[in-house]
Structure formats: structure tokens, C-alpha cells
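The basis for the numbers below is simple: all heavy atoms, side chains too, and nothing from hydrogens, waters or symmetry mates.
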Amino acid sequence: MMWSGCEGYGVWWGVGILHMLVLWGVVIGGLVLLVRLIRFRPHALGLPHPPESALDVLKRRYAAGEIKREEFEAMRRDIER
């Protein structure tokens, strides 16, 4: 009975592995959340907004009623050339 005092080590070994899996899950999950936050909401971290494209500005002005449909279509065609 040389191993009589070691029966409980198997349980603690399993707890240690479970602990490491949870730790790595938290680390990887945190990194994924940080990347998503930076990519999809840069202003939440105080980073500057990406500049609007000309087409985005044109769509916003049309939606706000600043320009008529004919003007919008003509300007869109100019932008897309």
C-alpha cells in the first residue's frame, strides 16, 4: 500500500485542469470582446470616428431632405464614376 496517501490527488488534478480551462476561457473571451469593442464601437474607447465617405454624406443629406431626388441621383452618378 505505497500509494495509500495519494488517492485524493486525482480529484485535485481535475480541479486544476478545470481552473485552467476557466482561466483561459476568461482571457480569450476578454480579448474577443475587446477586439469587437474596438472594431465596432471605436468611439466608446475615445478613438476618433472613421471619416464619412462622400456617398454616406450624400445619403444623409437626401434622408434629411436637404436635396431632391434628382440632385441625389446626379451626385451619386458623379461619385460612382
Side-chain angles (χ1 to χ4, degrees):
M1 288 261 178
M2 203 163 137
W3 297 96
S4 63
C6 300
E7 294 97 23
Y9 287 130
V11 173
W12 290 112
W13 185 79
V15 170
I17 288 178
L18 182 62
H19 179 260
M20 286 303 296
L21 288 174
V22 170
L23 176 69
W24 280 109
V26 169
V27 168
I28 292 170
L31 288 172
V32 167
L33 287 175
L34 183 63
V35 167
R36 291 183 76 183
L37 179 68
I38 291 171
R39 184 171 179 197
F40 297 112
R41 296 183 183 197
H43 57 280
L45 296 176
L47 300 173
H49 291 279
E52 282 186 298
S53 70
L55 188 57
D56 290 336
V57 173
L58 184 61
K59 287 178 181 178
R60 184 173 39 81
R61 289 185 61 203
Y62 178 62
E66 295 177 17
I67 58 175
K68 304 278 185 215
R69 182 174 181 83
E70 297 79 24
E71 292 173 302
F72 172 79
E73 292 297 332
M75 290 180 189
R76 185 182 54 81
R77 281 191 301 269
D78 287 342
I79 289 171
E80 291 176 347
R81 282 190 209 158

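Remark: R76 pairs with E73, E80 by the side-chain hydrogen bond (donor to acceptor under 3.5 Å, both in side chains) rule, at least two apart or across chains. Residues satisfying the side chain to side chain contact (heavy atoms under 4.5 Å, CB included) criterion with I17, sequence neighbours excluded, are W13, L21. Listed by chain and residue number, D78 satisfy the salt bridge (charged side-chain N to carboxylate O under 4.0 Å, His left out) test with R81 (two or more places apart in sequence, or in another chain).
Other members of the cluster containing M20 are L23, W24, V27, L31, with ILVMFWY side chains joined at under 4.5 Å, either directly or via other members.
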Give the table of side-chain donor-acceptor pairs shorter than 3.5 Å for residues 50-57, with sequence neighbours excluded, one pair per line with atom names and distance.
unit_1: E52; atom_1: OE1; unit_2: R60; atom_2: NH2; d: 3.1
unit_1: E52; atom_1: OE2; unit_2: R60; atom_2: NE; d: 3.3
unit_1: S53; atom_1: OG; unit_2: D56; atom_2: N; d: 3.1
unit_1: S53; atom_1: OG; unit_2: D56; atom_2: OD2; d: 3.1

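The stretch residues 58-81 participates, sequence neighbours left out, in these ring pair (Phe, Tyr, Trp, His ring centres under 6.0 Å) pairs: Y62-F72.
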